[in-house]
Novice: 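Here it is: the structure, laid out below.
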Amino acid sequence: RERAAQLARDLPTVTLQAEARKSDNDGGSTASADLASVMLVANYSIFDGHAKKSTRRRIESQMRENTHRQSKLQREVKRDLRFAYNQLQAIKDEYLSAQEEIISSESLQALYQKQFELGEGDIINLVEGEERLYAAKTRALRLEAEMIVNSYVLLRDAGLLDKEDFCVTC
């Protein structure tokens, strides 16, 4: 837009002035005067010390710089989106392994419980199994929360969620 405005400033300026007058009884009762005039003036600067050329080059340089900035920002946004998506996938995989750990800890705890009821098991194994199960469930809940937050971050970064509607620290 600035380049087009500069190119328009470089064009010659044309001024047209038209005038028409009529007066009756000028110089007596019998005289009538009609006057019409048109003036056309064109101005163009033939040599301006290369000011137009340098202005045009400056504007083109700014346009190239803006294009470069825009492409750099696009690359950064794509990189950030890829990173957020990969991070979300990693958390999802870790969450699935935590779920499997919960299932195995529950079955192991059930085995320890039966052994203890039959008098063959040890109370220490029963307590340690309960601690493992608790740690696995805590880890799964933490990962689930991280997965939800990262999903919203990914949606926000992709522009599908308003930044004002989502606060990471809240």
Novice: Let me confirm one number: the CG-CG distance from Leu88 to Asp93, rounded to the nearest 0.5 Å.
Specialist: 9.5 Å

Novice: Using 0.5 Å steps for rounding, measure from the CD atom of Gln113 to the CG atom of Asn125.
Specialist: 12.5 Å

Novice: Transitive ILVMFWY cluster of Ile59 at side-chain heavy atoms under 4.5 Å: who else is in it?
Specialist: Met63

Novice: Once side-chain contact (heavy atoms from CB on, under 4.5 Å) is applied, do any residues pair with Ile123, and if so which ones, sequence neighbours excluded?
Specialist: Phe116, Leu126, Val127

Novice: Show the atom names and distances, to 0.1 Å, of all donor-acceptor pairs under 3.5 Å that link a side chain in residues 128-149 to residues at least two apart or in another chain.
Specialist:
unit_1: Glu130; atom_1: OE1; unit_2: Gln109; atom_2: NE2; d: 3.2
unit_1: Thr138; atom_1: OG1; unit_2: Tyr134; atom_2: O; d: 2.8
unit_1: Arg139; atom_1: NH1; unit_2: Glu101; atom_2: OE1; d: 2.9
unit_1: Arg142; atom_1: NH1; unit_2: Glu146; atom_2: OE2; d: 2.9

Novice: Restricting to side-chain hydrogen bond (donor to acceptor under 3.5 Å, both in side chains), what partner residues turn up for Arg56, sequence neighbours left out?
Specialist: Asp10

Novice: For Ile124, is the CD1 atom crowded, meaning more than 12 foreign heavy atoms sit under 6.0 Å from it?
Specialist: no

Novice: Can you find a heavy atom in the side chain of Lys92 that is under 4.5 Å from one in the side chain of Gln89?
Specialist: yes

Novice: Holding to side-chain hydrogen bond (donor to acceptor under 3.5 Å, both in side chains), I want the full list of residues that pass it with Gln17, two or more places apart in sequence or in another chain.
Specialist: none

Novice: Test of understanding: with side-chain hydrogen bond (donor to acceptor under 3.5 Å, both in side chains), list the residues that count as partners of Tyr95, not counting sequence neighbours.
Specialist: Gln99

Novice: Apply side-chain contact (heavy atoms from CB on, under 4.5 Å) to Leu81 and list each qualifying residue two or more places apart in sequence or on a separate chain.
Specialist: Val77, Leu154, Asp157, Ala158

Novice: What pairs meet the salt bridge (Lys or Arg N to Asp or Glu O under 4.0 Å) rule with one or both residues in residues 113-125, with sequence neighbours excluded?
Specialist: none

Novice: Calculate, to the nearest 0.5 Å, the distance between atoms CZ and CG belonging to Phe83 and Asn86 respectively.
Specialist: 8.5 Å

Novice: Name all pairs fulfilling the side chain to side chain donor-acceptor pair (under 3.5 Å) condition that reach into residues 60-69, sequence neighbours left out, sorted by first residue then second.
Specialist: Arg3-Glu60, Glu65-Arg69

Novice: Could you pull out all residues at least two apart from Glu76 that satisfy side-chain contact (heavy atoms from CB on, under 4.5 Å)?
Specialist: Lys72, Leu73, Arg79

Novice: Could you pull out all residues at least two apart from Arg57 that satisfy side-chain contact (heavy atoms from CB on, under 4.5 Å)?
Specialist: Lys53

